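See below for the structure under consideration.
Proteins get letters first, then strands, A, B, ... in listed order; numbering begins at 1 in each. Here the structure is a predicted model, which means the values were calculated and not measured. Just so it is clear, the values below take in all heavy atoms, side chains as well, and ignore hydrogens, waters and symmetry mates.
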There are 2 protein chains.
Amino acid sequence: MEIKSRLWVEEQGKPFIGYGRIKLLKTVARTRSISAAAKELNMSYKKAWNLLNQINKLAKEPVLIKNIGGKNGGGTEVTPYGKGLISKFEQLNTTCIHFLEKEFKKIGL
Amino acid sequence: MEIKSRLWVEEQGKPFIGYGRIKLLKTVARTRSISAAAKELNMSYKKAWNLLNQINKLAKEPVLIKNIGGKNGGGTEVTPYGKGLISKFEQLNTTCIHFLEKEFKKIGL
DNA sequence: TGTCGTTATATTTGTTAGGGTATAACGCTT
DNA sequence: AAGCGTTATACCCTAACAAATATAACGACA
């Protein structure tokens with residue numbers, strides 16, 4: 001019997017970032033490539049691109065810098081703002097989990 | 001820009017209760033009928049029955065008392081244990097939402 | 001200038017959760 | 001005994017979602 005949670009942030013009623021998108025962003029930041037990240041997460045390139053596109057459309061500041069063509073065919077960088085999103089969301093998520101487990105034990109069930 | 005959350009409780013890795021199931025349970029408790037609750041929630045009877053069946057299979061104590069046939073064709077009662085589940089889950093949910101909104105403002109984004 | 005691996009996008013194919021429908025059992029009520 | 005509205009369950013089918021495939025543009029580099 002365990003408590004589970006899922007957090008996400010919405011902008012204009014549309015999902016902006018959540019658990020899955022943050023995991024994807026982190027992998028893109030490390031691999032510097034959307035396609036490599038998608039492969040690593042066993043996700044189709046299209047799905048990864050769609051998710052990142054949603055983030056891009058809703059973000060107030062740029063999250064990704066994409067390069068088409070060039071060395072290694074191009075690649076994608078995550079901006080400092082994007083990396084801030086990652087760390088802030090992960091912090092919020094872990095504090096929430098701790099809070100919930102404490103409360104769950106208190107309430108019982 | 002707003003924070004959202006979804007909580008649920010798992011038993012043996014399977015979903016036991018969550019937002020949707022609690023809403024269904026509440027409606028069953030009020031209407032004393034699975035079919036009436038399903039109709040009110042714009043959900044097929046089959047789906048409602050499946051959800052309640054999952055709860056039943058995982059619960060340690062009875063959650064529902066179902067009557068087939070009889071006055072008005074029968075009906076379904078939610079046990080005190082089931083009502084306890086409802087109130088405890090809702091309490092956990094609201095405290096979590098308050099906590100998250102406070103933390104969200106603190107962290108910004 | 002041709003090759004390469006990437007981003008970007010459309011189109012087609014597959015999968016699966018849920019909807020629709022049908023049917024049976026049940027036990028008060030009349 | 002018949003009728004009613006409920007729970008319970010099987011079967012088919014479809015409609016939304018994800019996967020697979022195909023193709024184009026791009027720019028460094030050899």
Are OP1 or OP2 of [N] and a side-chain N or O of [X] less than 4.0 angstrom apart?
{"X": "Ser44(A)", "N": "dA20(D)", "value": "no"}
{"X": "Ser35(B)", "N": "dT7(D)", "value": "yes"}
{"X": "Thr76(B)", "N": "dT6(D)", "value": "no"}

Expressed as a whole number of angstroms, how long is the span from [X]:[atom1] to [N]:[atom2]?
{"X": "Leu52(B)", "N": "dT6(D)", "atom1": "CG", "atom2": "C1'", "result": "14 Å"}
{"X": "Lys57(A)", "N": "dT9(C)", "atom1": "NZ", "atom2": "C1'", "result": "13 Å"}
{"X": "Glu77(A)", "N": "dT6(C)", "atom1": "CD", "atom2": "P", "result": "14 Å"}
{"X": "Asn50(A)", "N": "dA8(C)", "atom1": "CG", "atom2": "P", "result": "11 Å"}
{"X": "Ile68(B)", "N": "dT6(D)", "atom1": "CD1", "atom2": "P", "result": "13 Å"}
{"X": "Gln54(A)", "N": "dT9(C)", "atom1": "CD", "atom2": "P", "result": "13 Å"}
{"X": "Asn72(A)", "N": "dT7(C)", "atom1": "CG", "atom2": "P", "result": "11 Å"}
{"X": "Leu24(B)", "N": "dT7(D)", "atom1": "CG", "atom2": "P", "result": "11 Å"}

Q) Looking at dG20(C), does its base get a donor-acceptor pair with the side chain of Lys46(B) below 3.5 Å? A)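 A donor-acceptor contact between them is present.
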
Atom [atom1] of [X] with >12 non-hydrogen neighbours under 6.0 angstrom:
{"X": "Tyr19(A)", "atom1": "OH", "result": "no"}
{"X": "Lys26(B)", "atom1": "NZ", "result": "no"}
{"X": "Lys23(A)", "atom1": "NZ", "result": "no"}

Q) If you measure from CG on Leu85(B) to CD1 on Ile22(B), what distance do you get to the nearest 0.5 Å? A)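 Between Leu85(B) CG and Ile22(B) CD1, I get 6.0 Å after rounding to 0.5 Å.
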
Nearest to the side chain of [X], which nucleotide is it out of [options]?
{"X": "Lys66(A)", "options": "dT9(C), dT7(C), dT9(D)", "answer": "dT7(C)"}
{"X": "Lys47(A)", "options": "dA8(D), dA19(D), dT6(C)", "answer": "dA19(D)"}
{"X": "Tyr45(A)", "options": "dT9(C), dT6(D), dA28(D)", "answer": "dT9(C)"}

Q. Does Met43(B) or Gly73(A) map to a spot on DNA chain C nearer the 5' end, using the closest nucleotide for each?
A.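 Nearer the 5' end of the strand: Gly73(A).
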
(Q) Checking side-chain polar atoms at under 3.5 Å, does Thr31(B) have a donor or acceptor matched by the opposite partner on Ser33(B)? (A)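 Thr31(B) vs Ser33(B): no donor-acceptor pair found between side chains.
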
